[in-house]
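Please read the structure below before turning to the comments.
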Amino acid sequence: MERHGPFALLRSAAVSQPLQGRGIGRRLVEELIADAERQGVSAMYLLTTTAEGYFPSFGFQQIDRDAVPSDLAESPELKGACPASAIVMRKTLASAS
């Protein structure tokens with residue numbers, strides 16, 4: 001997880017293939033979200049080219065790239081490290097309430 005002002009970018013969450021299917025990835029993402037909430041992050045974002053079907057179960061929703069806040073738009077991932085075809089997703093966190 002990478003902080004950008006009041007926002008966070010979920011950079012990576014991966015589980016090696018032999019360990020997949022055991023709920024490790026789910027627990028990893030849930031802990032990242034909980035950590036962001038403890039830190040007072042108002043929304044968490046991610047970019048994906050392969051997992052847009054996985055993250056809605058955590059409350060992430062697909063958004064347009066131009067809806068990303070300027071604080072986060074300056075991250076290397078959004079400035080070109082991730083392909084322009086990557087899907088952007090956002091989750092508003094409980095700490096934002």
Side-chain angles (χ1 to χ4, degrees):
M1 180 179 68
E2 183 178 286
R3 286 289 301 266
H4 292 271
F7 310 108
L9 181 64
L10 195 158
R11 289 279 311 271
S12 298
V15 177
S16 65
Q17 192 165 14
L19 297 174
Q20 290 176 3
R22 299 180 186 187
I24 297 168
R26 175 158 292 282
R27 288 193 308 271
L28 174 63
V29 173
E30 287 171 346
E31 185 54 39
L32 286 167
I33 292 168
D35 188 40
E37 288 176 329
R38 285 190 294 271
Q39 291 183 38
V41 169
S42 62
M44 182 176 268
Y45 294 78
L46 63 85
L47 294 129
T48 184
T49 57
T50 60
E52 64 274 7
Y54 179 69
F55 287 101
S57 66
F58 298 98
F60 284 89
Q61 297 178 338
Q62 186 173 340
I63 64 166
D64 290 333
R65 193 175 281 255
D66 61 1
V68 172
S70 60
D71 288 7
L72 193 59
E74 293 302 312
S75 73
E77 285 68 32
L78 282 153
K79 289 189 92 150
C82 286
S85 60
I87 292 170
V88 181
M89 302 184 86
R90 174 183 62 214
K91 175 181 175 60
T92 302
L93 300 182
S95 57
S97 310

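Start at 1 with the first residue, then count along the sequence. Both backbone and side-chain heavy atoms feed into the values below; hydrogens, waters and symmetry mates do not.
- Contacts of P6 classified as side chain to side chain contact (heavy atoms under 4.5 Å, CB included), with partners at least two apart in sequence or in another chain: S42, D71.
- Within the model, atoms OG1 of T48 and CD1 of I87 stand 7.0 Å from one another, a figure rounded to the nearest 0.5 Å.
- Here L32 contributes atom CG and L10 contributes atom CG; the two are 5.5 Å apart, rounded to the nearest 0.5 Å.
- Residues forming a side chain to side chain contact (heavy atoms under 4.5 Å, CB included) with I33 (at least two apart in sequence, or on another chain): V29, E37, M44, F58, F60, K91, L93.
- Considering only residues two or more places apart in sequence or on other chains, Q20 meets the side chain to side chain contact (heavy atoms under 4.5 Å, CB included) condition with V15, Q17.
- Considering only residues two or more places apart in sequence or on other chains, E31 meets the salt bridge (Lys or Arg N to Asp or Glu O under 4.0 Å) condition with R38.
- Counting only residues at least two apart or on different chains, the side chain to side chain donor-acceptor pair (under 3.5 Å) pairs with a member in residues 51-62 are R26-S57.
- In terms of heavy atoms, A73 sits closest to V68 at N-CG1, 3.9 Å.
- A pairwise comparison of heavy atoms in R90 and A67 identifies NH1-O, 4.4 Å as the closest pair.
- Taken from OG in S75 to CZ in F7, the straight-line distance is 12.5 Å, to the nearest 0.5 Å.
- Applying the side chain to side chain contact (heavy atoms under 4.5 Å, CB included) rule to R11 yields the partners E2, L9, E77; only residues at least two apart in sequence or on another chain are considered.
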Stepwise side-chain contact (heavy atoms from CB on, under 4.5 Å) test for M89 and L47: CA-CA 6 Å; M89 302 184 86; L47 294 129; over 6 Å; no
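- When all heavy atoms of L28 and A14 are compared, the pair lying nearest together is CD2-N, 4.1 Å.
- R22 places no side-chain N or O within 3.5 Å of a backbone atom of I24 that could act as its donor or acceptor partner.
- In this structure, S12 has no side-chain hydrogen bond (donor to acceptor under 3.5 Å, both in side chains) partners at least two apart in sequence or on a different chain.
- With a 4.5 Å cut-off on side-chain heavy atoms, Y45 and P69 count as touching.
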